[in-house]
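Below: one structure, written as structure tokens.
Lettering of chains follows the sequences in order, A, B, ..., and the numbering in each one begins at 1.
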Amino acid sequence: MRSIYITSDKLDSQACTEAVTYDGAGGIVVFVGTVRNATKGKAVLHLDFEAYEKMALKEMQKIADRAMERWGLYSMVIHHRTGLVPIGEEAVVIACSSAHRKEAFQACEFAIDTLKETVPIWKKEVFEDGEVWVSAHP
Amino acid sequence: MRSIYITSDKLDSQACTEAVTYDGAGGIVVFVGTVRNATKGKAVLHLDFEAYEKMALKEMQKIADRAMERWGLYSMVIHHRTGLVPIGEEAVVIACSSAHRKEAFQACEFAIDTLKETVPIWKKEVFEDGEVWVSAHP
Amino acid sequence: MNIEIVAFGIAKDILKGKSIQLEVASAATVEQVKKQLVNDYPDFQTLASLQLAVNAEYVVDDYVLNENDEVVLIPPVSGG
Amino acid sequence: MNIEIVAFGIAKDILKGKSIQLEVASAATVEQVKKQLVNDYPDFQTLASLQLAVNAEYVVDDYVLNENDEVVLIPPVSGG
């Protein structure tokens, strides 16, 4: 089972965990990326995410396909939020399940690492005195 | 923050995830160990966990202390269920948070690997025609 | 030929708009178009990377563009 | 001296009870007690490992037992 989703609504890590739960699964690993209140010591007000949605969904699907095949997973869920995300709220949730835990850990870390490299989503940090597109400059 | 807990009630992975959420945390990793419906192709009816609770709590605390220090975590939660656990339900939940995700992945995997090696908890697989203490024999 | 290029993230700020129309040589490659963009908008040089996606896929630099291609500027991504 | 040994998991099945009273030499070490147990209950030899915990901590084999120690038999653990 795969569930790939981009939404401007609140994410629900509990629903993602339940979605990958399966009677044959021994290990479930969930990664939740939340919005931090500071970057390099500077207070962040909130994040603003923008996605090239059509392509982002395709790239997220590719990640899930590769992870499912490489680690023989039962299921993987990748949900990403867009728009304004307040401090402490979930920006991304990746959950996966497999018969053994090692595979689930590796697949989950691969998925978030790859998402951050390939999926066309952009994050703007909004400060009191300005805003910055994250990672734009070297 | 550390939360170490052994209970015969149902575990709540959502509460564990929320417990480690912190405005300064960028990455939360959660491991959920659920009861599988089969072992080596043989149908399992349920698991029955027994703990030397006083020592198990101490060993779980040591794991959390070591993980917190080694990976500079914000928080770690280790909850383990005992008694009869039906198929598909959560037997163990480990959640942790840190400023960066790599540390959270490593700490979470370390915690479940070490728990399975050192924490005095024993799992009996109950089948239609008998029961087996897991890992007892070489 | 004339192609429309849609921009996201900081690329939108550099173009000062969601999209631009660009007049390029027919059978222009992705590499040629990127050079033309950097020439017209030198701020693209300050980015850690700049890619073009065509029809919602990453393409190689010598991909030959077509008038009907959906061309999107992909500055360094930062999801998650 | 007389010590009480509490058992969990498969060790309980092998002892056919939650605990036993064992008469051991005074200043007996953990190693000596384990040998005595294996001698009295040969099934312990079939286990992948057998440890004694004293006062809720793992101890080394040459730990010298005390009459008031809380001694617990730890067969191979399988939590998680």
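- A 6.0 Å sphere centred on CD of D:Glu23 holds more than 12 heavy atoms belonging to other residues, nucleotides or ligands.
- At a 4.5 Å heavy-atom cutoff, the contact between B:Lys58 and chain D is made by side-chain atoms alone.
- Contact record, B:Ala136 with D:Ile10: CB-CD1, 3.7 Å, taken as the closest heavy-atom pair.
- For B:Phe49, the part lying under 4.5 angstrom from a heavy atom of chain D is the side chain only.
- Contact record, D:Tyr58 with B:Val119: OH-N, 4.4 Å, taken as the closest heavy-atom pair.
- Annotation: B:Arg2, atom CZ; neighbour count of heavy atoms from other residues, nucleotides and ligands within 6.0 Å is above 12.
- Side-chain contact between D:Ile74 and B:Trp122 is present, with heavy atoms from C-beta onward closer than 4.5 Å.
- For a residue to count as touching a neighbouring chain, one of its non-hydrogen atoms must lie under 4.5 Å from one of that chain's; by this rule B:Glu117 touches chain D with the backbone only.
- Looking at B:His80, the atoms closer than 4.5 Å to chain D (heavy atoms on both sides) all sit in the side chain, from C-beta outward.
- Contacts between B:Val134 and chain D at a heavy-atom distance below 4.5 Å involve backbone atoms as well as side-chain atoms.
- More than 12 heavy atoms of other residues, nucleotides or ligands shown are found within 6.0 angstrom of NZ on B:Lys42.
- Within 6.0 Å of CD on D:Gln21 lie more than 12 heavy atoms contributed by other residues, nucleotides or ligands.
- If you measure heavy-atom distances from D:Gln51 to chain B, you find no contacts under 4.5 Å at all.
- Environment of NZ in D:Lys16: sparse, with no more than 12 heavy atoms of neighbouring residues, nucleotides or ligands closer than 6.0 Å.
- The shortest non-hydrogen separation linking D:Ala56 to B:Lys54 is CB-CE, 4.0 Å.
- With contacts defined as side-chain heavy-atom distances shorter than 4.5 Å, the pair B:Tyr52/D:Val6 does not qualify.
- In this structure, the portion of D:Asn55 lying under 4.5 Å from any heavy atom of chain B is its backbone and not its side chain.
- Scanning all heavy atoms of the two residues, the minimum distance from D:Gly80 to B:Ala91 falls at O-CB, 4.5 Å.
- Shown here for D:Val77 and B:Pro120, the closest heavy-atom pair between the two residues is CG1-CA, 3.7 Å.
- The minimum heavy-atom distance linking D:Pro76 with B:Ser135 is given by the pair CB-O, 3.3 Å.
- Contacts between B:Ala51 and chain D at a heavy-atom distance below 4.5 Å involve the backbone alone (N, CA, C, O).
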